[in-house]
Structure formats: structure tokens, C-alpha cells
Amino acid sequence: MMPLDQLVAGAIEAFTSRFGRPPRFGAAAPGRVNLIGEHTDYNNGFVLPMAIDRWAIVVADLTHANNSTLWAIDLDQTVQCDFAGLRSPVAGSFANYLLGVVDQFAKRGDSIPNLDLAITSTVPIGAGLAGSAAIEVATATLLAEVVGARLDPLEKALLCQRAEHTFPGTPCGIMDMFIATGAQPNHALLIDCQSNTAEPIPLPPAESASVLIANTNVRHELATSAYAARRESCRSAAAKLGLTTLREAATTMGIPPIFSGRGLTDRESRCAEHVVCENERVRSAAAALGRGDLETVGGLMFDSHASLRDLFDVSCPELDLLVEVAAQMRSDGSVFGARMTGGGFGGCAVLLCRADRVTTVSDALAHRFSSRFTHPATLFTVAAVGASGACAL
Ligand code: GLA
């Protein structure tokens with residue numbers, strides 16, 4: 001994968017040839033893969049993501065024109081609008097990931113001058129690797145430079161989360177933005193989404209483990225609506241249990257939790273059980289990762305997948321097949337663990353593999369996937385040591 005400095009050079013060159021001058025501002029933010037802790041962030045629970053060496057890059061300069069020009073280099077799409085008159089999303093456009101952030105700066109009282117701006121990204125969009133958060137966080141980092149604002153990583157993450165809620169319109173949790181602003185190289189982050197604090201957990205040395213991502217290249221229609229529906233089931237389950245969030249269920253209900261006689265629907269009960277047990281798995285996995293016990297981390301990843309498939313009901317046949325093949329490669333030590341990552345209904349599986357077996361594992365996954373489905377899966381490794389958080393260029 002192209003290193004960050006080459007990506008930045010490409011973005012600067014593209015900007016310069018389109019707008020006739022070099023950009024004065026630039027920022028980059030990484031995508032992420034979540035190792036464990038799915039659908040827990042908006043329940044005030046725990047997550048364990050790591051940033052990956054895939055980036056969104058935004059470069060810009062002030063313009064005297066009455067409109068800003070936003071150019072998505074990879075899509076070759078352009079949107080023009082006046083930041084001062086920004087009111088509502090542009091239906092179906094990439095620009096919403098940027099405009100939501102502009103809107104949040106305006107709500108803080110900053111007035112953003114119109115810009116010529118170009119964006120490029122190597123984080124696949126819609127694949128469960130937080131491609132939209134990377135764009136938002138890169139944009140916020142750039143705009144902070146433009147207006148001279150100082151935002152700490154948490155403030156920036158919260159601002160970008162509000163941007164995602166209002167412009168693209170996904171009611172996401174804080175995980176994706178938090179890791180994009182706060183990642184540290186060589187570490188995953190154990191994020192407590194109640195206190196919004198994070199503990200860096202050392203990743204295994206690259207010579208012992210590889211992080212392999214298998215993209216199903218499917219995005220099921222119901223992804224956005226089902227995400228919102230699961231979030232609502234969690235909220236109503238907590239309310240029926242007399243709790244503010246399902247985070248609190250962990251201490252009061254035992255493991256596995258007992259919800260009978262509380263009037264929960266079957267869906268609510270299964271969602272609640274997933275969240276309570278997943279929070280426990282995240283804490284156990286972080287402890288195991290910290291002591292280099294990858295077998296234990298891997299076992300918890302498989303358990304997490306089973307729970308997302310059977311209880312939370314957000315997996316799909318493509319993801320299940322990848323995880324099933326990975327599980328078959330556990331017995332000879334090639335694979336430590338595997339699970340779906342991100343919101344689900346398509347997107348990617350993440351595997352933790354023995355570093356010297358990664359080619360064998362990729363080949364097996366690709367082969368089994370294409371013998372069952374009509375399109376191929378895309379397999380790639382990410383730097384097992386992770387990437388750093390957002391930076392101005
Ligand atoms: C998406 C959201 C996150 C999180 C995951 C599921 O990636 O953006 O906030 O809820 O789904 O864990």
C-alpha cells in the first residue's frame with residue numbers, strides 16, 4: 001500500500017494541476033479496524049480498535065470566489081457551495097462528510113472561509129473500516145488549521161460524530177472518530193465509551209502476527225436502517241431494565257445476563273445479551289493482547305463473531321463463510337482468531353494470523369469465497385503495528 005508521504009504528494013499534485021496553485025493547508029486521518037467490541041460504543045461500552053495504514057487526505061487553499069469547490073479526486077466528482085449559506089445535506093453526495101464538519105465548526109461560532117479543496121482516500125468506503133470517519137477527522141483537522149482553532153482529540157472526535165449524525169445521517173457511536181484522532185502507532189486503543197477515555201494496548205510484534213482484512217465487497221441494502229434499528233432495540237432494552245444504557249447491565253445482571261420477566265422482546269433480550277457479554281470479551285481481549293496471549297484474543301474474536309451472527313443478527317453469509325474458513329485454520333496455528341468488523345451486513349472480516357502463514361490463509365479464503373459466491377473477496381494485510389492518529393500536513 002502506498003505510504004502516506006506518496007499519497008500526500010499525489011494529492012498536492014492533483015490539487016495544483018486543477019486549481020493552478022499549490023494547497024496551503026493539508027491533513028490526513030487513518031481508517032481503522034476494530035479488533036473486538038462491536039455495537040458496544042453507542043451502549044457506553046468498550047471497544048478495541050486499531051488505526052490502519054489507509055488514509056483520507058484533504059488539501060485546500062482559500063479562495064476569493066463566492067463558492068467553495070469540493071473535489072473528490074478518486075470519484076472525479078465536484079460539488080460547489082457557499083460555506084456561509086450551508087443549511088442541509090446534498091442528497092447522496094460525498095460532500096456531506098465534509099459539509100457536516102463545516103457545519104459543526106459554524107455551530108461552534110467559527111466562520112469558515114470558502115475553500116478550494118481536494119480529497120482522496122485509500123480507506124474503502126462502506127466496508128466497515130471507518131472510511132467516513134477518516135474523511136471527517138481529516139477535514140476537521142484541516143479546518144482547525146484554517147481558523148486557528150485548538151481542538152483536543154476528544155473534542156475533535158465528538159465534533160465529527162455530530163457531523164456524521166447530522167449530514168450523512170448515520171447515528172454512529174464514538175469509536176471510529178476516537179481512534180482516528182487518538183491512535184498511537186504500535187498500539188490498539190481500549191476505549192471506554194462511557195468516560196470517553198482510552199488506554200493504549202501494545203500490539204504484537206509484526207514478525208509474530210499479521211492483521212489480515214477480508215473484504216466481502218458486499219454492502220447489504222438494509223445496513224443503515226438495520227444499524228439504527230439495533231441501536232433502538234438496545235435503547236428500549238435498557239429502558240425496560242430501568243437502566244440508562246446497557247453498559248450498566250453488566251454489573252447488575254451477571255454473565256450471561258438474566259432478563260426474564262422484565263418485558264423485553266426476543267430481539268431486545270438478544271441484543272442486550274450480546275452487548276453485556278461483548279463488553280466482557282473486550283476487556284478480556286485487551287488484557288490478553290497486553291500480555292501477548294494471541295490464542296486467547298483469537299478465541300474471543302470467534303466468540304464475538306458467533307454472538308454478532310446469532311444474537312445481534314448483523315452478520316451475513318459472506319462474512320460467516322470467511323470466519324468459518326478461518327476457524328478451520330485455527331487447528332494448525334495459522335489463524336488465532338477472526339470475526340466480522342464494523343457495523344455488519346457486509347463489509348469486512350478481520351483475522352489475526354501467524355505472520356508466516358498469511359499468504360496460505362489469504363489463498364484459502366479467496367479460493368473458498370469465490371467457489372461459493374459469484375464475486376471475489378478482496379484480501380489485504382494492514383501494518384500489524386497500526387498507524388498514528390490524524391495529523392496536519
Ligand atoms: C459503525 C459505527 C460505530 C460502531 C460500529 C459497530 O462502524 O460507526 O460507531 O457502532 O458500527 O460496532
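All heavy atoms count here, side chains included; hydrogens, waters and symmetry mates do not. Atoms within each ligand, like the ligands themselves, are counted from 1 in listed order.
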S.K.: Of all the atoms in ligand 1, which lie at a distance below 4.0 Å from a heavy atom belonging to C172?
M.R.: 2 (C), 8 (O), 9 (O)
S.K.: Looking at residues at least two apart in the chain, or sitting in another chain, which of them share a salt bridge (charged side-chain N to carboxylate O under 4.0 Å, His left out) with D74?
M.R.: none
S.K.: Going by the order shown, which atoms of ligand 1 are within less than 4.0 Å of some heavy atom of G173?
M.R.: 9 (O)
S.K.: Is it the case that the ring center of F25 lies less than 6.0 angstrom away from the ring center of F15?
M.R.: no
S.K.: Would you mind reporting whether R262 and K240 have side-chain heavy atoms less than 4.5 Å apart?
M.R.: no
S.K.: At what distance is the nearest protein heavy atom to atom 2 (C) of ligand 1, and which residue and atom is it?
M.R.: Y227 OH, 3.4 Å
S.K.: For the residue pair F373 and H375, does the interplanar ring angle fall in the parallel (under 30°), tilted (30 to 60°) or perpendicular (over 60°) class?
M.R.: tilted
S.K.: What salt bridge (Lys or Arg N to Asp or Glu O under 4.0 Å) pairs are there with at least one residue in residues 358-373, not counting sequence neighbours?
M.R.: E324-R368
S.K.: Using a strict 4.0 Å cut-off to heavy atoms of M175, name the atoms of ligand 1 that fall inside it.
M.R.: 4 (C), 5 (C), 12 (O)
S.K.: Measure the acute angle between the ring planes of F312 and H274, then classify it against the limits of 30° and 60° as parallel, tilted or perpendicular.
M.R.: tilted
S.K.: Please compare R32, E38, M177 and report which has the shortest non-hydrogen distance to atom 7 (O) of ligand 1.
M.R.: R32
S.K.: Taking only heavy atoms of Y42 into account, list the atoms of ligand 1 that are under 4.0 Å away from them.
M.R.: 10 (O)
S.K.: Among all the protein's non-hydrogen atoms, which is closest to atom 9 (O) of ligand 1, and how far away is it?
M.R.: D41 OD2, 2.5 Å
S.K.: Using a 3.5 Å cut-off on N or O atoms only, is H39 in polar contact with ligand 1?
M.R.: yes
S.K.: Tell me which protein heavy atom sits closest to atom 8 (O) of ligand 1, plus the residue, atom name and distance to 0.1 Å.
M.R.: D176 OD2, 2.8 Å
S.K.: Are any of the side-chain nitrogens in R150 or E155 under 4.0 Å away from the carboxylate oxygens of its partner?
M.R.: no
